[in-house]
Amino acid sequence: MARRVVIFASEDVGLADPQALVVATAALSAVERIGMPEAVYPLTQAVVYNATAPKSNSAKGYFTAAEAVRRHPGAQVPMFLRNAPTELMSGLGYGAGYQYDHDAPEHFAGQSCLPDELVGERFYQPGHFGHEKEIRKRLEWWEARRKPRPPSPT
């Protein structure tokens, strides 16, 4: 039962209430540590918490992302994101143009970090309930400040 509550917290409540997973995993831990019949109390708390939490199944965006990877198996990490630990790699353009988010005035440099083939795709669509309302605002804020990707060197 505790395992199902953890799955419910992740799959059905999700980011609408991120605490749901914390409560569910705490109940799972309590079941493992104290056993039944006393574990009925933390299990009940977790069930009630999750049953009454706002719901979101936006974590299914994982499957959208996995499908994009299957469609573009050769998609490359953009050059500006690649580490350049050697002179050769630096000479090949690895890391060129990278902007550190924390150096930007609003701690967001606006660089698109997806491979060229995936720029513009959306894998996560926040819901309209609970904490996802805040996530949606944050994503919209970032999108309004995102810079166009310069052409990749060929």
Arg122 side chain reached by Glu143 side chain, heavy atoms, under 4.5 Å: yes

Separation between CG of Asn50 and CD of Glu11, rounded to the nearest 0.5 Å: 12.0 Å

Rounded distance [0.5 Å steps], CG in Leu81 versus CG in Leu114: 9.5 Å

Show me the side-chain donor-acceptor pairs of residues 86-100 shorter than 3.5 Å, one per line, residues at least two apart or across chains.
{"from": "Thr86", "atom 1": "OG1", "to": "Met89", "atom 2": "N", "distance (Å)": "3.1"}
{"from": "Gln99", "atom 1": "OE1", "to": "Lys147", "atom 2": "NZ", "distance (Å)": "3.4"}

For Arg33, salt bridge (charged side-chain N to carboxylate O under 4.0 Å, His left out) partners two or more places apart: none

Under 3.5 Å donor-acceptor, Thr25 side chain and Leu21 backbone: yes

Transitive ILVMFWY side-chain link Val5 to Val31, under 4.5 Å: yes

Glu134/Lys137 ion pair, N-O < 4.0 Å: yes

Straight-line distance of Thr64 OG1 to Phe123 CZ, nearest 0.5 Å: 8.0 Å

Spacing of CD belonging to Gln125 relative to CD belonging to Glu132, to within rounding of 0.5 Å: 10.0 Å

Contact check, side chains of His72 and Pro115, non-hydrogen atoms, under 4.5 Å: no

Cluster link Met36 to Met1, ILVMFWY, side chain under 4.5 Å: yes

Under 3.5 Å donor-acceptor, Gln76 side chain and Gly74 backbone: yes

Under 3.5 Å donor-acceptor, Arg136 side chain and His128 backbone: no

Hydrophobic cluster identity match, Trp142 and Tyr124, side-chain contacts under 4.5 Å: yes

Flag side-chain contact, heavy atom, 4.5 Å: Arg70 against Glu67: yes

Rounded distance (nearest 0.5 Å) linking atom CZ of Arg146 with atom CG of Leu139: 9.0 Å

Salt-bridge contact Glu121-Arg71 (side-chain N to carboxylate O under 4.0 Å): yes

Backbone of Val77 reached by a side-chain donor or acceptor of Arg82 within 3.5 Å: yes

Pro126 vs Leu15 side-chain heavy atoms within contact, under 4.5 Å: no

Let me have the donor-acceptor pairs involving side chains of residues 39-49, under 3.5 Å, with sequence neighbours excluded, atom names and distances please.
{"from": "Thr44", "atom 1": "OG1", "to": "Val40", "atom 2": "O", "distance (Å)": "2.6"}
{"from": "Tyr49", "atom 1": "OH", "to": "Asp17", "atom 2": "OD1", "distance (Å)": "3.3"}
{"from": "Tyr49", "atom 1": "OH", "to": "Asp17", "atom 2": "OD2", "distance (Å)": "2.8"}

Ser56 side chain near Phe129 side chain, heavy-atom distance below 4.5 Å: no

